[in-house]
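Whatever order the structure lists them in is the order used to number ligands and atoms, beginning at 1. Everything numeric in this text was worked out from a predicted model, so none of it was measured.
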Amino acid sequence: MNSRLYGNLIFELSKPGRQGYSLPRNRFGDYSVPAELRRSRDAELPECDEMTVVRHYTNLSGNNFGVDNGFYPLGSCTMKYNPKVNEEMAALPEFQQLHPLQPEQTTKGARGVVAMLERMLCAITGLAHFTFKPYAGAHGELTGLMVIDNYHRSRGDGQRKKVLIPDSAHGTNPASAAVCGLEVVEVKSLANGQVDLADLQRIISECGPQVAAMMMTNPNTLGIFECRIPEITRLVHDCGGLMYYDGANLNPMLGACRPGDMGFDVMHINLHKTFSTPHGGGGPGSGPVGVREGLQQFFPVVSPYYGNFSVLVKACAYIMSLGREHVKEVGPLATLNANYIKESLKDVYELPIEGLCKHEFVFDGLKDKQTGVTTMDVAKRLLDYGYHAPTIYFPLLFHESLMIEPTENESKETLDAFICVMRKIAEEACNEPELVKSAPHNTPIGRVDDVLAAKHPVVTYRQLMNE
Ligand SMILES: *Cc1c(COP(=O)(O)O)cnc(C)c1O
């Protein structure tokens, strides 16, 4: 790519008097704009010819990386295949041109989609009712916790303010509890990655009557299936608390088991993770919340209308295209892919928790710690090879967490190519550690100072060419 074009602002490509279009001669005579509305000087707009503009933005867009460019093994925040037919459905003018204030009798079809999706999600989860208002997973958590809080208050049990959350949980769980005005109590994990029942028992014996809920993710964020859910559910219900299921990891459970059957009372689903909506850069998302029968009257109003409607259409299209029987294949394939990568790399990357994982797993950095090459370095080096980095330094249980989720829809060739590169990086870490430590080398921007970039972002741009 032309390096002069790359990275410049469109303003730097501007040449006085250059034009990308011309208007026809005015046929209507002069219309004079009142003086007080007129600019005192010309707007500062770039002056470029059409090809320069087209190439500039096309080249910039090529610096983006998404699932349509290559493998995206991000764990926990699952980026997966988004069948293009879903986009076509969501883009149908009958859906896209809906206005939220349209008369109700003209939106029957759209409401039918929402009702159909609700029926499908109830069948998948074993819960009785869903609200589609929340815009993302974290928003769903807040909504669900508000349901729980409303429920306890309605029974005059307003002193229940503690939410039990395993230490392996996604950071949004404690954050949502805090936003909801509840108090977080951390539950420890065992060495096998599962909730420590003894610690849970201790907590409940200390503060049972104040327990509002326990939030669980299953499989948890280590990709480990929590086998002791029935006992956990019994302990929490017996002390009067409700069970909240963080459904962001629903993929491997689809059609195999249902949170409702496991005793969960409230849950959210990340439609944008499990049911195929591309969600790079923070949106769009949808975090519908499901409840068991009898809790639906506690749904709070957290957003207007029906939430992110186009995401609902895509989820609906995705589930319908799989159908009841094929939805069951998602879990086993996601699990197979994750275990295949894990087993193919565990001789060179540190695997802290042995055994079968579900849809994702966590390495604790490279096995050979002598090299000084960190998880950050491995992630940066992957960019050089054209891969999006996995999730790094999460979960917090390990120092060098490297969390990989291949998703169900990747081919064996893709997985093999990724494994090959991961092994190559492990080799480089031994033979040429500096190469890995100073990566990336092939990206438009090299290694940035992450802390400085986050704490003191420079959001203005110095025009280099004019100086
Ligand atoms: C992604 C995720 C969330 C939060 O969902 P957002 O849509 O990003 O707000 C919560 N819990 C788990 C386990 C997740 O993976």
Phe225 six-ring face occupied by Lys358 cation (under 6.0 Å, within 45°): yes
Check: Asp246 N/O within less than 3.5 Å of ligand 1 N/O: yes
Atom indices of ligand 1 within 4.0 angstrom of Glu141 heavy atoms, with elements: 10 (C), 11 (N)
Check ion pair Arg153-Asp157 (N to O, under 4.0 angstrom): no
Ligand 1 N/O within reach of Asn173 N/O, cut-off under 3.5 Å: no
Numbering as shown, the atoms of ligand 1 that approach Ala136 to under 4.0 Å (heavy-atom distance): 7 (O), 9 (O)
Closest protein heavy atom to atom 5 (O) of ligand 1, given as residue, atom name and distance to 0.1 Å: Asn270 ND2, 2.9 Å
Heavy atoms from other residues, nucleotides or ligands near NZ of Lys412 exceed 12 (cutoff 6.0 Å): no
Distance filter under 4.0 Å to Ala138 heavy atoms, resulting ligand 1 atoms: 4 (C), 5 (O), 6 (P), 9 (O)
Protein contact of atom 1 (C) of ligand 1 - nearest heavy atom, named by residue and atom, plus distance: Lys273 NZ, 1.4 Å
Ser76 to ligand 1, any heavy atom closer than 4.0 Å: yes
Residue Arg202 excluded, over 12 heavy atoms near CZ under 6.0 Å: yes
His139 and ligand 1 - part of the residue with a heavy-atom distance under 4.0 Å: neither
Those atoms of ligand 1 less than 4.0 Å from some heavy atom in His272: 7 (O)
Ligand 1 versus Ala248: contacting region, heavy-atom distance under 4.0 Å: side chain
Option whose closest heavy atom lies nearest to atom 4 (C) of ligand 1, chosen from Thr217, Leu250, Thr172: Thr172
Option among Val187, Ile148, Asn173, Leu242 that satisfies the side chain to side chain contact (heavy atoms under 4.5 Å, CB included) test with Met215: Asn173
salt_bridge(Lys328, Glu325) N-O dist < 4.0 Å: no
Whether Phe361 and Phe363 hold their rings parallel, tilted or perpendicular, with breakpoints at 30° and 60°: perpendicular
Geometric class of the His388/Phe65 ring pair [parallel <30°, tilted 30-60°, perpendicular >60°]: tilted
Ion pair check, Asp149 and Arg160, cut-off under 4.0 Å: no
Nearest neighbour in protein (non-hydrogen) for atom 6 (P) of ligand 1: Gly137 N, 3.4 Å
